[in-house]
Amino acid sequence: MIDLLYFAWVREAVGVGQERIDPPEAVASVADLIAWLAQRSPGHAAAFADPARLRAAVDQRFVALDTPLNGAKEVALFPPVTGG
Amino acid sequence: MIDLLYFAWVREAVGVGQERIDPPEAVASVADLIAWLAQRSPGHAAAFADPARLRAAVDQRFVALDTPLNGAKEVALFPPVTGG
Amino acid sequence: MIRVSIDPAPIELAVELAALEERGAGGVASFTGVVRGDGGVTALELEHYPGMTEDALCMLAEQAMDRWSLLGVTILHRVGRMEVGERIVFIAAAAAHRREALDACAYLIDRLKTDAPFWKREWRGEAASWVEARASDEEAAGKW
Amino acid sequence: MIRVSIDPAPIELAVELAALEERGAGGVASFTGVVRGDGGVTALELEHYPGMTEDALCMLAEQAMDRWSLLGVTILHRVGRMEVGERIVFIAAAAAHRREALDACAYLIDRLKTDAPFWKREWRGEAASWVEARASDEEAAGKW
């Protein structure tokens with residue numbers, strides 16, 4: 001099981017800020033997860049259609065999208081950060 | 001007539017912060033003025049013995065010591081500044 | 001000394017600066033980001049990633065303490081809704097000498113822009129839009 | 001807006017920073033110099049060249065306003081006797097974007113060190129000595 005967190009317009013498109021999912025074995029990387037999530041609902045599809053617009057954190061560390069998930073407990077998906 | 005101003009240890013060595021003087025014609029530059037002032041008293045001699053330790057302002061602008069005095073109304077002599 | 005805070009409450013500069021000055025520093029450099037009313041913006045809303053944000057800011061502060069000889073670093077970031085003229089972010093660094101304090105302060109705000117999980121939404125009356133990340137921020141952060 | 005002041009009275013940061021924030025700036029950068037107690041120093045005494053100092057600081061502020069796109073510059077310098085922990089100097093610059101504010105602030109403090117007629121005397125109990133100018137300050141000012 002992975003806890004998924006969504007922020008900013010990703011959260012708005014999906015319609016929830018958080019969900020717990022159990023992806024199939026074939027979902028090995030963050031990029032795989034994004035592609036798989038895109039199929040879950042029209043909201044997910046809108047949020048995850050274009051991975052180039054997305055950034056990710058695995059267990060609260062920023063990672064590249066090709067990072068393997070192996071054992072990740074918490075994955076966050078969001079647009080590039082805009083703080084400060 | 002030139003108004004002379006002294007600051008920091010130059011002022012302390014001379015013993016006054018300000019004096020009005022009328023140097024001879026031969027005193028043409030700030031450096032000439034320093035050499036001439038050095039002869040006025042033991043205090044002046046101590047203050048003006050080493051021009052390399054001195055800086056100057058003519059009419060409230062920093063200048064190099066070889067600057068001509070022509071028409072200067074106010075000349076200030078002091079050590080390098082140490083504000084901030 | 002590192003102080004990091006993510007808070008919906010307004011940022012109080014005088015208290016924060018005085019605390020850093022008391023570290024025995026010769027110099028304290030600070031940067032304060034303020035909500036601008038450009039282009040009809042009436043308010044900003046800041047969202048963040050609770051838990052990760054605190055870690056990211058502490059890590060940034062530690063990196064600055066490792067890189068320069070600092071006596072203290074403070075990073076405060078507001079979250080929630082802010083009106084035009086209100087403070088969003090406050091960065092300050094205290095050091096014995098000015099160069100360290102100034103460089104660390106510039107480093108911290110540049111890196112915060114790219115390394116901390118905040119997202120900014122601009123309000124124009126009733127309409128809201130998410131702010132796009134800027135390439136210039138990536139460049140500024142990359143220079144360090 | 002330029003504000004320059006040479007004053008024996010203590011420097012009030014909160015008021016000064018708030019005044020700059022009200023210029024509609026997106027960012028305000030500041031530097032505060034504080035009397036350090038290193039090497040047994042108990043107090044500092046600042047002497048200046050009345051008349052010229054004000055001009056020199058105004059000129060510095062104008063140079064910064066010409067060089068960067070700024071909404072305001074404040075330069076405050078105390079004179080007279082200050083105890084350890086008291087503020088000597090306060091520099092702040094306000095701009096729409098952080099880079100201008102940060103660069104202008106660093107420029108102003110670097111240049112003030114070499115371009116303004118102040119002299120500093122350190123007190124250690126009853127003994128006083130004039131501070132020597134540092135080559136590193138000349139270098140820092142020359143870089144701009």
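Residue numbering restarts at 1 for every chain, and letters A, B, ... go by the order of the sequence lines. Not measured: the values here are computed from a predicted model.
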Looking at chain C, which one of D:Ala92, D:Cys105, D:Ala96 has the largest number of heavy-atom pairs inside 4.5 Å, strictly under? D:Ala96
Of the backbone (N, CA, C, O) and the side chain (C-beta and beyond), which part of C:Asp38 lies under 4.5 Å from a heavy atom of chain D, both, or neither? neither
Give the member of C:Ala94, C:Gly26, C:Ala25 that has the highest number of heavy-atom pairs under 4.5 Å with chain D. C:Gly26
What do you reckon, is CD of D:Glu132 surrounded by more than 12 foreign heavy atoms closer than 6.0 Å? no
Run D:Ile109 and C:Leu102 through side chain to side chain contact (heavy atoms under 4.5 Å, CB included) and show every step you take. CA-CA 10 Å; D:Ile109 184 65; C:Leu102 290 163; 3.7 Å; yes
Looking only at heavy atoms and a cut-off of under 4.5 Å, which of D:Val35, D:Ile91, D:Val84, D:Leu13 has the most pairs with chain C? D:Leu13
Bottom line for C:Ala106: the part with an atom under 4.5 Å from chain D's heavy atoms is both
Could you tell me whether the side chain of D:Glu86 reaches within less than 4.5 Å of the side chain of C:Glu21, counting heavy atoms only? no
Just so I know, are the side chains of D:Leu20 and C:Thr32 near enough to count as touching, which here means a heavy-atom distance under 4.5 Å? no
Could you look at C:Ala140 and say if it's the side chain, the backbone, both or neither that has a heavy atom under 4.5 Å from chain D? side chain
One option among C:Gly24, C:Ala29, C:Ala14 has the most heavy-atom pairs under 4.5 Å with chain D, and it is C:Ala29
Pairs of heavy atoms under 4.5 Å with chain C: top-ranked of D:Ser30, D:Ser136, D:Gly37, D:Gly27: D:Ser30
Flag the pair D:Arg98 and C:Asp137 as a salt bridge only when some basic side-chain nitrogen lies within less than 4.0 angstrom of an acidic carboxylate oxygen. yes
